[in-house]
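For reference, the structure discussed in these notes is given below.
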Amino acid sequence: MAKLPLPERRFALVDCNNFYASCEKLFRPDLKHRPLVVLSNNDGCIIARCALAKQLAIPMGAPFHQLKALLKQQQVAVFSSNYALYGDLSSRVMQTLEQLAPKVEIYSIDEAFLELSGLDFCQNLSDFGQHIRTTIKQQLGLPVCVGIGPSKTLAKLANYAAKKYPQFEGVLDLSEPHKRLHILARTPVQEVWGVGRKLAEHLHAMKIETALQLARACPQQIRKKFSVVLARTVNELNGLACLALDEVQEPKQQIISSRSFGQRVTDKGAMQQAISLYLSRAAEKLRAQQSLARRLSLFIRSSRFEQKTPFFGDQACLELTTPSNDSRVLQQAVMQLLDKIWRQGPAYAKAGVVLSDLCAIQGLQSQLFAPPPSERSQRLMATIDQLNQKHRGSVFIARQGKDGDWQMQQKFLSPAYTTRWDQLPEVR
DNA sequence: TCTGGGGTCCTAGGACCC
DNA sequence: TCTGGGGTCCTAGGACCC
């Protein structure tokens with residue numbers, strides 16, 4: 001019997017436009033016609049630009065201090081990143097999407113894949129894309145673009161083109177092969193999902209410059225020369241779905257909490273405070289996903305940009321005899337690590353804590369040498385987390401201290417409009 | 001003065017075993 | 001002195017993503 005062809009799958013990628021910048025503009029209608037940028041932690045780099053700021057050719061990722069004069073001259077509004085605000089708006093966007101489509105994979109803070117295969121409530125997927133756009137605009141005031149295709153990689157690429165070419169009005173469906181050809185031929189290979197700077201260099205050397213040329217490469221050869229990952233990309237570009245929609249969010253396999261300091265740290269006490277805070281954040285995240293860590297690492301480093309003094313950085317890690325998520329246990333361990341690698345002298349610019357080799361609390365009983373954490377510890381930690389959820393920083397381990405020069409710079413922080421009663425926007 | 005943070009996956013190479 | 005071949009497991013590092 002002849003095999004029936006598999007029904008083609010359909011994916012959509014919904015991506016918020018200039019997400020952080022759009023979030024800031026949402027609560028500042030007075031800035032509607034002004035260029036706006038958002039800075040990274042510590043007000044270091046520019047990590048988001050609104051459309052007007054992009055027109056001014058303000059580059060992504062540029063150090064803020066180098067562009068200060070230009071920004072001022074062009075009257076660009078500047079904001080520190082406000083993750084409380086972006087995180088809250090993100091979850092509202094995702095909830096809206098979940099009402100519009102049965103299967104949603106939250107891919108990042110501002111992107112989600114939807115599975116549209118077998119949706120019969122609308123014949124025309126472009127219309128459905130427009131429906132998503134208008135719904136989110138109406139309900140949340142945020143602009144999004146929608147890319148549609150038979151694989152995730154093509155949906156991504158469609159989204160890129162939907163943003164780039166105004167004639168698509170924010171929605172592009174690349175289901176039709178002839179349409180695909182046209183767009184792929186005009187898309188530089190480095191714009192393909194999974195092709196970064198290094199790979200692009202190698203591909204260029206092989207005269208592969210466009211997405212279409214990559215799509216026409218032989219997957220076996222690509223596999224041999226590069227990796228299974230890029231071979232999969234080739235297949236995906238040809239409409240062969242190799243990547244599935246991941247609806248369930250798996251627990252993280254490692255949790256990092258790290259930060260550059262507001263000012264250089266030379267004093268061990270200040271370093272202890274900072275590390276203590278990072279550790280608490282990491283442990284909170286660990287407990288939130290009901291995990292325990294077996295491995296703990298710490299790194300400290302000076303600045304890579306410092307010309308006058310040599311770079312110094314070191315790291316250390318340890319295995320816990322019993323996996324844990326108890327802040328007190330982890331604090332003690334991380335301080336031991338610091339004692340090991342601390343060197344007086346360097347001006348430290350950054351430090352971080354990594355929890356890895358994670359396992360779920362549930363089901364640990366079966367492991368002979370890993371008894372589950374004590375009731376008492378779990379209850380105490382749960383109480384601390386609850387209190388801190390209500391009011392950030394109300395309970396902390398004494399070593400953290402209250403403030404220090406090392407703390408993050410956020411000179412241009414907007415209010416937490418949507419997550420704190422005392423910072424609700426006022427209507428006058 | 002001032003240059004982000006948090007993830008995942010794959011691969012190469014060493015340790016170790018038979 | 002000479003000194004196989006293959007397997008697994010682990011980790012570090014590099015590439016990518018947002």
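Naming: A, B, ... by sequence-line order, numbering from 1 per chain. Keep in mind that this is a model prediction, so the values were computed, not measured. Computed from heavy atoms alone, side chains included, the values below leave out hydrogens, waters and symmetry copies.
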> When you check every protein heavy atom under 4.0 Å of nucleotides 10-18 of chain C, what one-letter string (B, S, -) results, 5' to 3'?
Replying inline: -----SSSS

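Taking 4.0 Å as the cut-off between side-chain N and carboxylate O, Asp314(A) and Arg343(A) do not count as a salt-bridged pair. At a threshold of 4.0 Å, the pair Lys156(A)-Glu111(A) counts as salt-bridged, since one of the basic side-chain nitrogens sits closer than that to a carboxylate oxygen. Salt bridge present: Lys152(A) and Glu105(A) bring a charged side-chain N and a carboxylate O closer than 4.0 Å.
When all heavy atoms are compared, the tightest approach of Ala12(A) to Val146(A) is CB-CG1, 4.2 Å.
For Leu67(A) and dT1(B), the CG to C1' distance is 16 Å, given to the nearest whole Å. When rounded to the nearest whole Å, the span between CD of Gln66(A) and P of dT1(B) equals 13 Å. Across the protein-nucleic acid pair, Tyr83(A) atom OH and dG7(B) atom P stand 12 Å apart, rounded to whole Å. Counting to the nearest Å, the P atom of dG5(B) and the CE atom of Met408(A) are 8 Å from each other. The distance between atom CG of Asp405(A) and atom C1' of dC2(B), rounded to the nearest whole Å, is 15 Å. When the C1' atom of dG5(B) is taken as reference, atom CD of Gln409(A) falls 17 Å away, rounded to whole Å. Computed from coordinates, the Trp406(A) CH2 to dT1(B) P distance equals 24 Å when rounded to whole Å.
Between the side chain of Asp110(A) and the main chain of Asp15(A), no donor-acceptor pair closer than 3.5 Å is present. Using a distance-only test at 3.5 Å, with no hydrogens or angles considered, a donor-acceptor pair links the side chain of Arg186(A) to the main chain of His182(A).
Residues from residues 338-351 of chain A that place a heavy atom under 4.0 Å from any atom of DNA chain B, listed by number: Lys350(A). Annotation: proximity of residues 40-61 of chain A to DNA chain B (heavy atom, distance under 4.0 Å) is found for Ser40(A), Asn41(A), Gly44(A), Cys45(A), numbered in ascending order. Within residues 233-259 of chain A, the residues that have a heavy atom under 4.0 Å from DNA chain B are, in order of number, Lys252(A), Gln253(A), Gln254(A), Ile255(A), Ile256(A), Ser257(A), Ser258(A), Arg259(A).
Between the C1' atoms of dG4(B) and dC17(C), the separation comes to 15 Å (whole Å).
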>> Let's test your reading of the pairing rules: Watson-Crick or G-U wobble, both distances under 3.5 Å, then write DNA chain B as a dot-bracket string with ( ), [ ], | and dots.
In response: ....||||||||||||||

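The side chain of Arg264(A) contributes an N or O atom lying less than 4.0 Å from OP1 or OP2 of dC2(B). Taking side-chain N and O atoms only, Arg304(A) has no distance below 4.0 Å to OP1 or OP2 of dG4(B). Between dG5(B) and Ser260(A), a contact under 4.0 Å exists linking OP1 or OP2 to a side-chain N or O.
Checking each of Ser175(A), Ser151(A), Ser117(A) against Arg10(A) for a side-chain hydrogen bond (donor to acceptor under 3.5 Å, both in side chains) leaves exactly one that passes, namely Ser175(A).
Within 4.0 Å of Phe64(A), counting heavy atoms only, lies no atom of the nucleic acid at all.
Among residues two or more places apart in sequence or in another chain, the ring pair (Phe, Tyr, Trp, His ring centres under 6.0 Å) test is passed with Phe299(A) by none. With sequence neighbours excluded, no residue forms a side chain to side chain donor-acceptor pair (under 3.5 Å) with Lys285(A). Residues meeting the ring pair (Phe, Tyr, Trp, His ring centres under 6.0 Å) test with Tyr348(A), sequence neighbours left out: Trp342(A). With sequence neighbours excluded, the residues that form a ring pair (Phe, Tyr, Trp, His ring centres under 6.0 Å) with Tyr20(A) are Tyr83(A), Tyr86(A). In terms of the side chain to side chain donor-acceptor pair (under 3.5 Å) criterion, residue partners of Asn18(A) (sequence neighbours excluded) are, by chain and number, Lys54(A). Shown here are the ring pair (Phe, Tyr, Trp, His ring centres under 6.0 Å) partners of Phe412(A), two or more places apart in sequence or in another chain: Phe64(A).
Using cut-offs of 30° and 60° on the angle between ring planes, the pair Tyr417(A) and Phe27(A) is parallel.
Applying the 6.0 Å contact sphere to NE2 of His204(A) captures more than 12 heavy atoms from other residues, nucleotides or ligands.
Sorted by first then second residue, the side-chain hydrogen bond (donor to acceptor under 3.5 Å, both in side chains) pairs that include residues 134-145 of chain A, not counting sequence neighbours, number zero.
Under 3.5 Å, the side chains of Asn82(A) and Gln410(A) contain no donor-acceptor pair of N or O atoms.
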